[in-house]
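Basis for what follows: all heavy atoms, side chains included, without hydrogens, waters or symmetry-related copies.
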Amino acid sequence: MSQPLVSSRPVVRTASLVHAKEDRHFVTALARGLDVLSAFRSRDRTLGNQELARRCGLPKSTISRLTYTLTKHGYLEHAQDANGHAGYRLGSAVLALGSAMLARMDMRQLARPLMQDLADSSQAMVSLGIRDRLSMIYVENCRSESALTLSLDVGSRIPLASTAMGRAYLCGCSDNEREALLERIRVQDEKAWPKTREVLELALTHYRDHGCCASFGDWQKDVNAIAAAFRPAGGRSVMVVNCGGPGFNLSPQFLMAEVRPQLVALVRRLQNASGETF
């Protein structure tokens with residue numbers, strides 16, 4: 001009998017949920033600045049202070065001071081949208097940080113040829129992702145040249161609870177991390193939590209039975225995907241390989257019967273890769 005996804009013992013909150021008064025080491029101003037940078041999505045050309053205030057849940061006056069400081073340090077740049085409205089876009093300092101991280105992520109080079117083989121055989125998009133807060137971020141993508149696939153690219157974010165990649169991460173991480181993340185998901189949407197918890201309980205059972213998680217129209221009604229998690233050698237954080245695409249091209253039956261064995265084998269190879277590679 002499978003263990004419940006969420007235990008009955010109290011959840012330990014992560015640092016992002018701890019108020020500064022409860023943790024003297026927590027720097028609220030720094031956290032808020034990082035929240036501003038994290039508010040940008042790959043589809044955003046520019047964001048103004050008002051939209052940033054809405055996304056971050058902070059007063060506009062606070063956002064104005066943060067964007068001013070981030071601009072001075074090169075993490076934001078002044079820009080205008082297509083209608084001539086003033087705003088901000090991510091600056092070169094952010095690009096430098098991201099490039100430095102990707103350069104160290106040797107797993108991308110190791111995984112890419114295996115991912116491309118799976119993309120070609122499945123006629124799907126195969127992605128490698130890592131977690132950031134309550135999202136998964138694509139760090140590598142492979143597509144089949146002869147198939148219609150999703151328009152997502154490296155740097156794209158997808159939600160944790162409703163996607164195959166996010167669910168696989170929740171199944172692959174430690175119990176303590178999972179409990180903390182589930183508490184954050186609950187707080188984010190109390191009304192939807194009972195249904196969300198039920199779906200995630202089923203996802204854990206599915207992962208134990210089949211070695212992968214699935215999302216068949218749950219995230220977007222016309223998108224199907226399966227995903228499996230692994231922890232790279234050297235104690236690195238959990239990563240996830242996702243295989244998905246338009247539902248008319250990738251049925252649940254095809255993904256589970258034909259693609260799942262290949263996905264599980266791919267993840268097993270990455271899991272067992274020599275630590276010397278990293």
Does Glu140 use its side chain to pair, donor to acceptor, with the backbone of Gly129 at less than 3.5 Å?
no
Heavy-atom closest pair (Arg167 atom, Ala161 atom, distance to 0.1 Å) is NE-O, 2.9 Å
Nearest-0.5 Å distance, OG of residue Ser135 to CD1 of residue Ile158:
8.5 Å
Inter-residue atom distance Met256.CE - Asn224.CG, 0.5 Å rounding
12.0 Å
On a heavy-atom basis, which atom in Ala203 and which in Cys171 lie closest, and how many Å separate them?
O-SG, 3.8 Å
From Leu202 atom CG to Arg197 atom CZ, the distance as rounded to the nearest 0.5 Å:
12.0 Å
Closest heavy-atom pair and its distance - Ala39, Cys56:
CB-SG, 4.1 Å
Can you tell me how far CG of Leu90 sits from OG1 of Thr46, rounded to the nearest 0.5 angstrom?
11.0 Å
Do the side chain of Arg260 and the main chain of His210 share a donor and acceptor less than 3.5 angstrom apart?
yes
Can you confirm whether more than 12 heavy atoms, excluding those of Gln50, are under 6.0 Å from its CD atom?
no
Give the minimum heavy-atom separation between Ala124 and Leu250, together with the two atoms involved.
CB-CD1, 3.5 Å
Side-chain contact test, heavy atoms from C-beta onward, threshold under 4.5 Å: evaluate it for Met239 versus Val139 and give yes or no.
yes
Quick one, Gln116 and Val126 - any side-chain contact, counting heavy atoms below 4.5 Å?
no
Would you check if the side chain of Arg89 reaches a backbone N or O of Ala79 as a donor-acceptor pair within less than 3.5 Å?
no
Roughly how far, to the nearest 0.5 Å, is SG of Cys212 from CG of Asn242?
10.5 Å
Given Trp193 and Ile185, is the side chain to side chain contact (heavy atoms under 4.5 Å, CB included) satisfied, shown in steps?
CA-CA 8 Å; Trp193 172 243; Ile185 293 171; 4.1 Å; yes
Are any side-chain N or O atoms of Gln123 and backbone N or O atoms of Asp120, one a donor and one an acceptor, separated by less than 3.5 Å?
yes
Let me check something: do Leu118 and Met107 share a hydrophobic cluster, defined by ILVMFWY side-chain heavy atoms less than 4.5 Å apart, either directly or through other members?
yes
Pairwise side-chain contact, Asp189 with Thr196, heavy-atom cut-off 4.5 Å (strictly under)
no
Using a 6.0 Å cut-off, check whether atom CZ of Arg41 has over 12 heavy atoms from anything other than its own residue.
yes
Can you give me the closest heavy-atom contact between Ser122 and Val259, atom names plus distance?
CB-CG2, 3.8 Å
Under 4.0 Å between a Lys/Arg side-chain N and an Asp/Glu carboxylate O for Asp35 and Arg133?
yes
Qualifying residue, where the test is side chain to side chain contact (heavy atoms under 4.5 Å, CB included) with Leu37 and the options are Val94, Leu52, Leu66
Val94
In Å, rounded to the nearest 0.5 Å, how long is the span from CG of Leu263 to CD1 of Ile226?
5.0 Å
Within the side chain of Arg112, is there an N or O that forms a donor-acceptor pair under 3.5 Å with the backbone of Asn141?
yes
Any Gln80 side-chain heavy atom under 4.5 Å of His85 side chain
no
